2 protein chains.
Amino acid sequence: MNQNKIMTIYDIAQEANVSVATVSRVMTGSAKVSEEKREKVETLIRKYDFKPNALAKGLSETKSKILGIMVADIRNPFYATLFMECEKEAGKYGYSLILYNTLSNPDLEVTYLEKMISMRVEAVIKIGGRIDDVVTDMEYVEQVNKVANSIPIVITGKLDGADCYSVRIDAFQATDLVMEHLFSLGHTDIAMIGGSTDTQSTVERYMRYKQQLRRRGIQIRDEYMIHHDYYDDRGGYECMKNLLLLEDRPSAVIAVNDFTAVGAMRAMAEAGIRVPNDMSVISYDDTIMANIMIPKLTSVSYNYENFGQMIIETVLKAINGEEQPRLKTIISELSARDSCGPCTKK
Amino acid sequence: MNQNKIMTIYDIAQEANVSVATVSRVMTGSAKVSEEKREKVETLIRKYDFKPNALAKGLSETKSKILGIMVADIRNPFYATLFMECEKEAGKYGYSLILYNTLSNPDLEVTYLEKMISMRVEAVIKIGGRIDDVVTDMEYVEQVNKVANSIPIVITGKLDGADCYSVRIDAFQATDLVMEHLFSLGHTDIAMIGGSTDTQSTVERYMRYKQQLRRRGIQIRDEYMIHHDYYDDRGGYECMKNLLLLEDRPSAVIAVNDFTAVGAMRAMAEAGIRVPNDMSVISYDDTIMANIMIPKLTSVSYNYENFGQMIIETVLKAINGEEQPRLKTIISELSARDSCGPCTKK
DNA sequence: GATATGTATGAAAATGATTTCAGAGGAGTA
DNA sequence: TACTCCTCTGAAATCATTTTCATACATATC
């Protein structure tokens with residue numbers, strides 16, 4: 001409440017009758033100090049609970065020990081989980097994370113990038129947002145590259161022409177899991193509710209979905225490929241309503257993420273369709289929502305701990321200027337729960 | 001990718017043929033500079049996209065422009081939403097937020113507090129966690145006070161003896177809303193699933209719940225007051241299972257938060273009980289989960305934007321050493337949705 | 001005993017900003 | 001003309017660290 005004077009290395013040095021260099025050496029262990037002086041300094045450090053000023057340290061070492069992380073919406077459990085794992089992993093290496101929430105506002109994104117430069121964050125992590133665009137917005141890429149010019153950037157998407165590292169879910173492999181699961185349950189009339197077709201991840205999922213259908217000799221039906229521009233429950237709800245208008249309804253629905261699945265299930269509930277008895281639902285991300293729905297959702301799962309570790313590993317290597325691949329891939333697993341059942345459609 | 005040399009105020013000064021003081025004055029507007037020199041400096045700033053080093057600035061001004069925020073679990077939408085609002089509001093005043101996720105690990109809490117001191121964050125915000133204990137752990141309070149000694153702390157709970165500011169939900173008023181809503185629907189056999197009875201918020205809810213029942217002349221039944229130590233869906237599930245074993249079941253259930261309500265609804269679904277036809281459910285927090293459940297949950301809502309603003313307002317005043325109340329209160333509203341209906345119990 | 005080697009130490013520089021202080025020069029006044 | 005007053009400017013101090021460099025002293029080597 002009262003703003004006590006915070007100690008400095010000088011205060012310690014004075015009271016211990018040594019130079020600041022010696023105190024610094026005791027703190028960091030960067031060089032040997034005689035037993036006698038070390039004792040004296042350590043005692044004072046404990047006595048006053050001295051914590052060195054990280055700003056001065058950062059300034060002198062030109063290392064802030066801070067990472068900047070930008071997410072579109074921290075309320076989305078997918079982002080929150082990934083943030084948590086990144087924070088946990090980065091903490092092991094002494095890094096703190098500044099979190100910026102962009103709400104997909106492009107102006108804010110730029111503002112935040114500039115702030116991060118000012119802060120001298122050692123790297124920028126960008127999760128979600130405009131980093132997965134199919135058609136590259138050159139102006140945006142230039143903005144990003146201007147930053148990447150001085151600070152390494154690690155993204156979870158794929159941004160053509162941008163000078164950054166990617167740690168990214170393999171949407172093909174993930175979709176293979178989904179399709180094989182549905183095939184194994186006897187489904188052939190499968191719809192897919194995608195997100196914005198401007199994003200790589202949606203496009204890639206559709207692509208694999210079609211490949212898989214072709215491979216099995218199942219006809220691809222355009223009316224089963226439906227999408228919305230937002231990855232939320234309202235989008236899923238609207239799409240599902242449209243699917244339910246079809247004369248020949250699908251027996252299974254793939255949703256681009258849990259949010260979308262949740263919305264779709266609401267539309268089904270309203271129409272009196274039971275999951276999975278009448279229709280199966282499967283989605284991607286396996287967030288906390290998958291577990292709380294009734295029935296519990298079958299969803300593609302990513303091992304978020306590994307995901308976070310891979311992001312931080314990439315960050316650290318980039319900071320140290322180590323050579324490494326520009327694109328790394330996350331492999332998915334399937335968390336089979338209660339929302340998929342055998343095909344009951346005749 | 002390539003770590004370009006980052007410019008300093010000296011580089012600009014040299015190229016502009018002025019002193020660093022002049023550049024600083026142009027950057028901050030702290031004093032007048034002749035039109036001619038200002039032009040020259042501003043041109044160079046734009047040309048090189050110069051961003052002043054925030055660490056140096058922080059060091060020299062002894063103001064980091066960073067706030068530290070500690071939450072128990074950022075995956076919990078309640079915390080995530082509150083964080084988001086704080087971040088949004090703090091951003092207006094030029095502050096960035098370092099987020100630490102404690103997962104309720106006491107060791108981590110201490111580590112993080114120390115880290116924040118080192119970082120010279122201007123204030124600490126602590127949301128959830130061990131800041132709402134009924135029985136005060138003096139050792140913990142001492143830890144907190146050691147920090148509060150040099151940095152203001154704002155918490156969302158109530159920690160007796162701790163030298164910090166509180167911005168806190170009025171559990172009594174919130175519970176009044178809940179009880180009145182249920183009464184107005186004709187419910188009298190009302191159960192309450194609480195969280196840990198070691199926390200103020202649970203104790204206060206029980207207290208008001210009993211007061212309200214007494215006021216209406218309804219007998220208080222111990223078997224309707226059930227609780228679990230964790231504020232999650234598993235706890236809600238177990239508690240509800242026990243409630244369902246009762247011969248005389250309640251007609252309405254109050255859950256301590258949305259997570260708990262979700263768990264309770266799962267237990268109901270498994271027992272074939274329909275919500276709200278057979279039993280009503282109401283909860284606190286009105287997170288995103290309340291909206292995605294089927295049926296949608298009726299839940300106590302907090303106006304998170306105001307909540308965040310009040311926290312940041314308190315933080316800023318504390319930083320500036322302004323006088324202010326130690327305890328501020330958040331008033332709730334009720335978001336009535338589909339999980340409560342008229343009492344059907346005979 | 002003279003020289004080489006090594007270790008502990010402190011003074012001082014560097015990190016990159018802000019701010020204080022003093023001085024230069026111009027304008028206004030008696 | 002001499003004085004004050006004001007504005008603009010830069011040199012230097014400050015913030016709190018780390019790190020380099022030089023030195024003092026002890027030990028080892030021939």
Side-chain angles (χ1 to χ4, degrees), chain A residues 3-42 44-45 48-66 94 115 117-122 150, chain B residues 3-42 44-45 48-66 94 115 117-122 150:
Chain A
Q3 319 308 17
N4 254 32
K5 207 254 174 201
I6 293 186
M7 287 243 139
T8 74
I9 207 172
Y10 282 91
D11 304 321
I12 303 285
Q14 194 169 28
E15 191 161 339
N17 261 316
V18 299
S19 72
V20 291
T22 300
V23 179
S24 172
R25 284 191 264 258
V26 171
M27 300 286 309
T28 62
S30 62
K32 273 183 187 155
V33 173
S34 69
E35 195 54 39
E36 177 208 13
K37 303 205 171 182
R38 143 166 291 116
E39 281 286 305
K40 232 189 313 188
V41 170
E42 277 175 349
L44 288 172
I45 288 174
Y48 293 116
D49 230 327
F50 172 67
K51 303 274 181 310
N53 184 324
L55 287 94
K57 187 169 178 150
L59 181 60
S60 136
E61 292 178 325
T62 49
K63 276 182 182 183
S64 62
K65 282 289 177 178
I66 299 176
K115 228 172 181 173
I117 298 182
S118 236
M119 283 288 174
R120 299 300 190 264
V121 300
E122 292 186 46
S150 47
Chain B
Q3 321 307 18
N4 254 30
K5 207 254 174 204
I6 293 185
M7 287 245 141
T8 75
I9 207 173
Y10 285 90
D11 303 323
I12 303 284
Q14 191 169 28
E15 190 161 339
N17 262 318
V18 299
S19 71
V20 291
T22 302
V23 179
S24 172
R25 285 191 263 260
V26 171
M27 298 286 309
T28 61
S30 61
K32 270 183 187 156
V33 173
S34 70
E35 194 55 40
E36 178 207 14
K37 304 205 172 186
R38 143 166 287 117
E39 280 285 305
K40 232 189 313 185
V41 170
E42 276 175 348
L44 287 173
I45 287 173
Y48 293 115
D49 228 329
F50 171 68
K51 303 274 180 311
N53 184 326
L55 286 94
K57 188 168 177 152
L59 181 60
S60 115
E61 292 179 326
T62 49
K63 278 182 179 183
S64 63
K65 281 289 177 181
I66 300 177
K115 229 173 181 171
I117 297 182
S118 233
M119 282 289 173
R120 300 296 190 267
V121 300
E122 294 186 44
S150 48

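As the structure is a computational prediction, the values presented were derived from the model and not from experiment. We use all heavy atoms of the structure for the numbers below, so side chains are in, but hydrogens, waters and symmetry mates are not. Just so we're on the same page: letters track the sequence lines, and every chain starts at 1.
Ranked by how close their nearest DNA chain C nucleotide is to the 5' end, B:Leu55 and B:Ala21 are led by B:Leu55.
Side-chain proximity of B:Phe50 to C:dA17, D:dC8, C:dA12: nearest is C:dA17. Of all nucleotides listed (C:dA17, D:dT18, C:dT9), D:dT18 comes nearest to the side chain of A:Ser60. Proximity note for B:Arg120 (side chain, C-beta onward) versus D:dT17, C:dA11, C:dG16: the nearest is D:dT17. When distances are taken from the side chain of B:Val20 to each of C:dG16, C:dT9, D:dA12, the shortest belongs to D:dA12. Residue A:Ala56 has its side chain nearest to D:dA16 when only C:dG10, D:dA16, D:dT19 are considered. Each of D:dT9, D:dT18, C:dG16 was ranked by its minimum atom distance to the side chain of A:Thr28; first place goes to D:dT18. With distances taken from any side-chain atom of A:Lys37 to the nucleotides C:dT19, C:dT15, C:dT9, the minimum falls on C:dT9. The side chain of A:Ile9 lies closest to D:dT18, out of D:dT9, D:dT18, C:dG10. For B:Val18, the side-chain atoms get nearest to D:dG10 when compared with the rest of C:dA11, D:dG10, D:dT17.
The phosphate of C:dG10 has OP1 or OP2 within less than 4.0 Å of a side-chain N or O from A:Thr22. Taking only side-chain nitrogens and oxygens, B:Ser19 comes nearer than 4.0 Å to OP1 or OP2 of D:dG10. Here B:Lys63 does not reach the OP1 or OP2 of D:dC15: none of its side-chain N or O atoms lies under 4.0 Å away. The side chain of B:Ser24 contributes an N or O atom lying less than 4.0 Å from OP1 or OP2 of C:dT18. Applying the 4.0 Å criterion to OP1 and OP2 of D:dA16, one finds that A:Lys57 has every side-chain N and O outside that range.
Rounded to whole Å, the distance from CD1 on A:Ile45 to P on D:dT17 is 10 Å. D:dT20 atom P lies 11 Å from atom CD of A:Glu61, rounded to whole Å. Whole-Å rounding puts the A:Arg25 CZ to C:dT9 C1' distance at 6 Å. Between the CD atom of B:Glu36 and the P atom of C:dG25 there is a distance of 15 Å, rounded to whole Å. If you take NZ of A:Lys32 and C1' of C:dT7, they are 8 Å apart, rounded to a whole angstrom. For A:Tyr10 and D:dA16, the OH to P distance is 9 Å, given to the nearest whole Å. Distance B:Leu59 CG to D:dT18 P: 12 Å, rounded to the nearest Å. Put simply, NZ on A:Lys65 is 13 Å from P on D:dT18, counting in whole angstrom units.
Across all their heavy atoms, A:Arg120 and B:Met7 have their closest contact at NH2-O, 4.0 Å.
A side chain to side chain contact (heavy atoms under 4.5 Å, CB included) with A:Val41 holds for exactly one of A:Val33, A:Val18, A:Asn17; it is A:Val18.
The distance from the NZ atom of A:Lys65 to the OG atom of B:Ser118 is 12.0 Å, given to the nearest 0.5 Å. Rounded to the nearest 0.5 Å, atoms CD1 (B:Ile6) and CG (B:Asp49) are 11.5 Å apart.
Identified under the salt bridge (charged side-chain N to carboxylate O under 4.0 Å, His left out) test for residues 10-36 of chain A, with sequence neighbours left out: A:Lys5-A:Asp11, A:Glu15-A:Lys47.
When side chains are defined from C-beta on, B:Ile66 counts as touching A:Met119, because their heavy atoms get closer than 4.5 Å. Looking at heavy atoms from C-beta onward, B:Tyr48 lies in side-chain contact with B:Ile12 at the 4.5 angstrom threshold.
Residue B:Val23 is classed as having no contact, given no heavy-atom separation below 4.0 Å to the nucleic acid.
Between the two ends of the helix from C:dG1-D:dC30 to C:dA30-D:dT1, each summarised by a five-pair axis, the helix axis turns through 60° (rounded to 10 degrees).
In this structure, the side chain of B:Thr28 engages the main chain of B:Ser24 through a donor-acceptor pair within 3.5 Å.
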Hey, mind stepping through B:Leu59 and B:Leu55 against side-chain contact (heavy atoms from CB on, under 4.5 Å) and telling me if it holds? CA-CA 6 Å; B:Leu59 181 60; B:Leu55 286 94; over 6 Å; no
